[in-house]
Amino acid sequence: MVWTGTWVSDRLGIELAGDDELRGLLGLALRRNPKRAHLLVSGVLGKHVPQLPSVVHGHGVTLGRRVRALLGPEEAARAVVLGYAETATALGHAVADGLETAPYLHSTRRPVASVPSAGGFEESHSHATSHLLLPEDPAFFDRGGEAGRGPLVLVDDEFSTGNTVLNTLRDLHARHPRDHYVIVALVDMRAPGDAGRLAAFAEETGARVDVVAHARGTVRLPEDVLARGLRLVEEQDGRTADPLVPCAPAVAPVRLELGWPADLPDGGRHGFTPDHRARLREALPAMAARIVDGLGGPGQAGRVLVLGFEELMYAPLVLARALEEAGLDVRFSTTTRSPVLAVDDPGYAIRTRLAFPAHDDPADGPGERYAYNVAGGGFDTVLAVVDSAADTPALHAPGGLLAQLATAAPRVALAVVPAHTPVPRTPDRQEPPVLPAPLRGPDFSSYEPDDVGWLLQDLSAVRLEAPVEEREEAVQRGGAHYAESLPVEYQPTEEYQELYRDALAGSAARIARAVGTVTELVLAERSPRPVLVSLARAGTPVGVLMRRWARHRHGTELPHYAVSIVRGRGIDANALRWLAAHHDPADVVFVDGWTGKGAITRELADALAGFPGFDPEIAVLADPGSCVRTYGTREDFLIPSACLNSTVSGLISRTVLRDDLVGPHDYHGAKFYRELSGSDVSRDFVAAVEDRFDEVADAVDQQVKEAASADRAPTWEGWAAVERISEEQGIHDVNLVKPGVGETTRVLLRRVPWKILARRGAGADLAHIRLLAEQRGVPVEERDDLPYTCVGLIHPRYTRGATGADGKAVGSA
């Protein structure tokens, strides 16, 4: 076989001298870099050259085992491992795997404002020079126990001049001095003049410094190599065209949900412990199985390239390794910042390149990024693996990475690993407990597991229900909050259930149209990859339907969660922390069923003031109160999911917030009413609306087009109307005025109603309202001046004595 350094060696006179295996490990290419002409291209690193995952990981593990043998078991147990961004992040991980017990950190070029730097250094020959050290644990470098700090293992792909390592050693030794350093690299290519510099550092500091490498040698460079190299790059630039195709792929990439474990970091950017390593190993087979299924099974995937993303190398690597172990024909490489000349010659290490704009909003500004040796690699499928911070509009844009990959392979798939957002710690502050993963059906709720994850704690075993009358009296007298207990679940009569079924049959298409419209607006205006977060409970069926629309219309699997928000007490802060740790807050879109007067809209905006990055604007199915910009319709019509309680919302209760049940590190609570499964219509409701998606598709496109050019700024007309009604009726409390069909239904099901105001001539949308009002003895007053279809009024001076034993509301007082 032709050595992949022949082309450069022949033209520039660059030579490799040293161990026999050097040419099997390294090829040569030319940099687009005025600081250094050549690039040593590793064939086993998994960066520029696609390689078997087992080969990439195996080389690092072997080095780690050699370090373990060098240190001995006791010292190895005290060691910490530090890898270099971006090329050696996975190699450092693999070395730590070989050591088995060592925590791992890699340097990063992605700053995090909330995490103080534990050090930094410069890589002078690089195109991006500054490295940051941002461990989540400020004591990371002090590991070692009573014997003092243990050995520090520094890992890079190549050890060339030694400048980067020396810069690192001097910075870290000044901050965290220790007695032993081990330098690890795939190849040690120091020139004779550089060999003594580590010895000088060791003599200066009194520390021991060892070097462990697979192979050793030197690079012999002609004196004028830099000038000749730059001229050669200029000549070749005129002959080599990058396959840039500024158009979107004909078929949207397949998005694969990994099921990444909750609270597991995506890699070592902020630290990766042995416990993290064990959890990842345990989860890998299931994640690999989901990928295989998402690609159509083992026989459909063909030759697969798993393509990582810059510093995110280890997670894609071990996913690729798991696919390899599952029997797929897999190779692994990653994208990079490094600008390298591509020459389609078997004697040159970089045969092809794809260029695309950066898609992770880098701190140093926009720029070009690259994927080498992907085009022409004979891949049937390219699976791009990025973290959620890089799953941005730029990734999906024409000319972006996914579009470029579509020019190189028949099928492109995308998997997103949640970007880990550290919670900064100080040595004198205890780390908050790890928040649990979302609850899912069938253990919690009757929805499909992928339809929604509930960021709640299960209080099903706790008795929380109280008679409506007792709850109302306690709330109005100020002795309790409505979220401290639950109303007894309303059990509909057969007549009421028949009204619900009729309402669903008559409005399914209307709801489908609103679902499609609000989802398309979110995708177009908020994020191409939104994380739907429903406000439990009314928002949950809407979030499920929006997720189903995105899958049906675009083949996109959107993450969807449900969180608690409580009027007067705000949103669940722990749920927000979990979301921020697993997704980019900028992608989170809060979802609710409808607006009334806009109280929850305002509550959410206030609650998010302490959580930067989240957008407080809610997306709703119906916005009769004119409180939001993102909605399916502003009509006040019957949404059948408002007609029932838990039996149309996955059998989940309202949320509960009570000090004796919800601690400072707990999610808000809720109950799962398994005993009501015989009456459950949650899936039927979703299916009935989803069945109408194709029917309304054209209408949705037209409605979205009209909405894009319309003035959708909130006018808060609903709030003004509620204030007027509150004064007219002598209530003097806007919280007791519930406008709209959905809110009026809630009043009749959960509170003690006083009267119902109904727009004169309203038809089927009010059939269930009239029936409930009749059952509870509540008067319905026809009005001509209502901006809503109806308004429910809660009795302003309620006591149990006023309603009598049957619980019916009193008349106007």
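Numbers here are sequence positions counted from 1.
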Are [X] and [Y] close enough for a salt bridge, meaning some N to O gap below 4.0 Å?
{"X": "Glu498", "Y": "Arg501", "result": "yes"}
{"X": "Glu706", "Y": "Arg712", "result": "no"}
{"X": "Glu310", "Y": "Arg369", "result": "yes"}
{"X": "Arg303", "Y": "Asp380", "result": "no"}

With distance as the sole test, does [X] use its side chain to make a donor-acceptor pair with the main-chain N or O of [Y] at under 3.5 Å?
{"X": "Arg692", "Y": "Ile511", "value": "no"}
{"X": "Thr540", "Y": "Arg537", "value": "yes"}
{"X": "Glu324", "Y": "Val330", "value": "no"}
{"X": "Arg547", "Y": "Asp450", "value": "yes"}
{"X": "Thr392", "Y": "His359", "value": "yes"}
{"X": "Ser534", "Y": "Gly539", "value": "yes"}
{"X": "Glu743", "Y": "Trp594", "value": "no"}
{"X": "Ser653", "Y": "Lys671", "value": "yes"}
{"X": "Arg526", "Y": "Val589", "value": "no"}
{"X": "Arg674", "Y": "Asp443", "value": "yes"}

For the [atom1] atom of [X] and the [atom2] atom of [Y], what is their distance to the nearest 0.5 Å?
{"X": "Ser446", "Y": "Arg683", "atom1": "OG", "atom2": "CZ", "answer": "6.5 Å"}
{"X": "Arg551", "Y": "Thr519", "atom1": "CZ", "atom2": "OG1", "answer": "12.5 Å"}
{"X": "Ile565", "Y": "Ile618", "atom1": "CD1", "atom2": "CD1", "answer": "6.5 Å"}
{"X": "Asp701", "Y": "Glu520", "atom1": "CG", "atom2": "CD", "answer": "7.0 Å"}
{"X": "Trp260", "Y": "Leu264", "atom1": "CH2", "atom2": "CG", "answer": "5.0 Å"}
{"X": "Leu280", "Y": "Asp266", "atom1": "CG", "atom2": "CG", "answer": "10.5 Å"}

Do [X] and [Y] have side chains that approach each other closer than 4.5 Å (heavy atoms only, starting at C-beta)?
{"X": "Phe379", "Y": "Pro410", "answer": "no"}
{"X": "Pro624", "Y": "Glu635", "answer": "no"}
{"X": "Val385", "Y": "Leu307", "answer": "no"}
{"X": "Leu383", "Y": "Leu305", "answer": "no"}
{"X": "Leu521", "Y": "Thr517", "answer": "yes"}
{"X": "Arg529", "Y": "Pro559", "answer": "yes"}
{"X": "Leu608", "Y": "Asp615", "answer": "no"}
{"X": "His668", "Y": "Val656", "answer": "no"}

Would you say Glu282 has more than 12 foreign heavy atoms packed within less than 6.0 Å of its CD?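 Open: at most 12 neighbouring heavy atoms sit under 6.0 Å from CD of Glu282.
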Distance-only polar pair, side chains of [X] and [Y], donor-acceptor under 3.5 Å:
{"X": "Asp680", "Y": "Thr647", "result": "no"}
{"X": "His768", "Y": "Thr745", "result": "yes"}
{"X": "His420", "Y": "Asp263", "result": "no"}
{"X": "Trp549", "Y": "Glu690", "result": "no"}
{"X": "Ser564", "Y": "Asp572", "result": "no"}

Closest approach of Pro50 to Arg331 (non-hydrogen atoms, all atoms of both residues):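 The answer is CB-CB, 4.0 Å.
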Which atoms form the tightest heavy-atom contact between Phe672 and Glu675, and what is the distance?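 Heavy atoms of Phe672 and Glu675 come nearest at O-OE1, 4.4 Å.
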Test salt bridge (charged side-chain N to carboxylate O under 4.0 Å, His left out) on Asp451 and Arg548; report intermediate values, then the result. CA-CA 8 Å; Asp451 271 338; Arg548 295 284 186 96; 2.7 Å; yes
Given Leu414, which partner from the list Val254, Asp391, Val382 fulfils the side-chain contact (heavy atoms from CB on, under 4.5 Å) test?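 Among Val254, Asp391, Val382, the one that satisfies the side-chain contact (heavy atoms from CB on, under 4.5 Å) with Leu414 is Asp391.
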List the steps and the verdict of ring pair (Phe, Tyr, Trp, His ring centres under 6.0 Å) for Tyr561 and Trp454. CA-CA 6 Å; Tyr561 306 96; Trp454 303 83; over 10 Å; no
Residues Asp387, Arg110; criterion salt bridge (charged side-chain N to carboxylate O under 4.0 Å, His left out); working and verdict: CA-CA 13 Å; Asp387 64 9; Arg110 183 188 289 179; 2.9 Å; yes
